[in-house]
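Working notes, structure below.
All residue numbers in this chain count up from 1 along the given sequence. Values below: every heavy atom of this structure, side chains too, minus hydrogens, waters and symmetry copies.
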Amino acid sequence: MSEVFEGYERQYCDISANLSGECTSASVLDGEQKKQKLAEIKERIDDADTLVSKMDLEARSLQPTVKAMLLAKLREYKADLNNLKNEVKRISSINVSQAARDELLRSGKVDGMTVSGDQRGRLLMSTERLNQSTDRLKESRRTMLETEELGVSILQDLHQQRQSLLHAHSTLHGVDDNIVRSKKLLSAMSRRMNRNKWIISSLVAALVLAILLILYFKLTH
């Protein structure tokens, strides 16, 4: 796996974990404190968005087997980032609604007990959504670990297959060398046999010639 991608990944996970807590803190704040907190959260989300873009570029520059695994992880991070963005929008809309309620409260149109109960309801809802986001993030990380293990297993299988092919290639190369040596040996034996044939033929011819000469001298004398 790419060390560059892992570095971006660690940074994103740290930012994501911090943003979940900061969203919870922002949901219970009021007024200027809440606006300032939301501005800080939006800056952190921009940083997270930048990291996701960098991870995307890094993943697409790698080999296909690693690229597919990293893009699967990246889809989970993008989904998590969208959830964080939606949570910030929800808190921001609550902030606007709360300002309107405060105005009504100052004008005497809203009862204090109703506002307090509504704030408790929003807090409970924010806590529940935070728990849901945490569970989704845990599930996403579990899926990413399973995907990573699968990718490692595939790479190991490919490595074993490569070793087997290299071993087979070496074996075939050795067989080819043996065939070449056998051809050379057979060629040498064939040359010796041909030479021996010529020698034997020459000896037979010499013997026949000698016999003929002997018979000639015996018949003429």
Side-chain angles (χ1 to χ4, degrees), residues 1-17 47-82 135-221:
M1 184 181 294
S2 170
E3 294 183 0
V4 176
F5 186 93
E6 288 180 345
Y8 293 147
E9 184 179 22
R10 284 192 296 270
Q11 294 180 46
Y12 175 81
C13 290
D14 290 340
I15 291 177
S16 176
D47 293 339
D49 207 350
T50 301
L51 287 172
V52 168
S53 298
K54 289 181 178 179
M55 284 190 285
D56 194 352
L57 291 174
E58 178 64 19
R60 295 182 187 279
S61 66
L62 300 175
Q63 296 178 353
T65 52
V66 181
K67 173 182 175 180
M69 180 179 65
L70 296 183
L71 288 179
K73 296 175 68 174
L74 193 59
R75 284 193 293 271
E76 300 294 337
Y77 289 138
K78 288 180 178 179
D80 176 65
L81 183 60
N82 286 331
D135 292 339
R136 286 195 298 270
L137 184 58
K138 289 180 179 179
E139 182 65 21
S140 298
R141 288 176 178 172
R142 184 184 65 80
T143 303
M144 285 185 291
L145 289 175
E146 292 176 352
T147 305
E148 184 175 356
E149 291 176 357
L150 177 60
V152 171
S153 176
I154 292 173
L155 290 176
Q156 289 176 347
D157 290 340
L158 291 174
H159 179 71
Q160 292 176 356
Q161 292 175 7
R162 180 176 180 273
Q163 294 298 324
S164 298
L165 290 173
L166 290 175
H167 178 70
H169 180 268
S170 299
T171 303
L172 289 174
H173 184 70
V175 171
D176 187 59
D177 289 341
N178 291 332
I179 291 174
V180 171
R181 285 195 295 269
S182 298
K183 286 182 178 180
K184 289 181 180 179
L185 180 60
L186 290 172
S187 297
M189 291 174 65
S190 178
R191 286 194 298 271
R192 289 194 189 98
M193 289 175 64
N194 291 330
R195 187 169 60 249
N196 291 335
K197 283 181 181 180
W198 281 107
I199 293 172
I200 292 171
S201 298
S202 298
L203 290 173
V204 170
L207 288 172
V208 170
L209 182 60
I211 292 170
L212 291 174
L213 288 173
I214 292 170
L215 291 174
Y216 174 75
F217 283 114
K218 283 186 176 183
L219 292 174
T220 55
H221 291 76

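Residue Q163 qualifies as enclosed at atom CD: its count of foreign heavy atoms under 6.0 Å is above 12.
Screening residues 60-69 for salt bridge (Lys or Arg N to Asp or Glu O under 4.0 Å), with sequence neighbours left out, gives D56-R60. Listed by first and then second residue, the side-chain hydrogen bond (donor to acceptor under 3.5 Å, both in side chains) pairs involving residues 193-208 amount to none (not counting sequence neighbours). Annotation: ring-ring contact (aromatic ring centres under 6.0 Å, His included) contacts involving residues 50-78, sequence neighbours excluded, comprise Y12-Y77.
Atom-to-atom distance recorded for C13:SG and D80:CG is 8.5 Å, nearest 0.5 angstrom. The CD atom of E76 sits 11.5 Å away from the CZ atom of R136 when rounded to the nearest 0.5 Å. To the nearest 0.5 angstrom, D49 atom CG is 9.5 Å from K78 atom NZ. One finds the CD1 atom of I179 at 13.5 Å from the NZ atom of K184 (value rounded to the nearest 0.5 Å). Rounding to the nearest 0.5 Å gives a distance of 11.0 Å between CD of Q63 and CE of M69. With values rounded to the nearest 0.5 angstrom, I214 atom CD1 is found 11.5 Å from L219 atom CG.
A search for side chain to side chain donor-acceptor pair (under 3.5 Å) contacts involving N178 returns R181, not counting sequence neighbours. Scored by the side chain to side chain contact (heavy atoms under 4.5 Å, CB included) test, D14 finds no partners at all (sequence neighbours excluded). Listed by chain and number, the residues in a side chain to side chain contact (heavy atoms under 4.5 Å, CB included) with I154 are L150, L158 (sequence neighbours excluded). Not counting sequence neighbours, the partners of L203 by the side chain to side chain contact (heavy atoms under 4.5 Å, CB included) test are I199. A search for side chain to side chain contact (heavy atoms under 4.5 Å, CB included) contacts involving A188 returns R191, R192, not counting sequence neighbours. Contacts of D47 classified as side chain to side chain donor-acceptor pair (under 3.5 Å), with partners at least two apart in sequence or in another chain: none. For Y8, there are no side chain to side chain donor-acceptor pair (under 3.5 Å) partners at least two apart in sequence or on another chain. Annotation: side chain to side chain donor-acceptor pair (under 3.5 Å) contacts of R10 (sequence neighbours excluded): none.
Contact of the H167 side chain with the S164 side chain is not registered, since no non-hydrogen atoms from C-beta on lie closer than 4.5 Å. Contact check for E9 versus K73: side-chain heavy atoms found under the 4.5 Å cut-off. Contact of the I200 side chain with the V204 side chain is registered, since non-hydrogen atoms from C-beta on lie closer than 4.5 Å.
Put simply, the side chain of S190 never gets that close to the backbone of L186: no donor and acceptor are under 3.5 Å apart.
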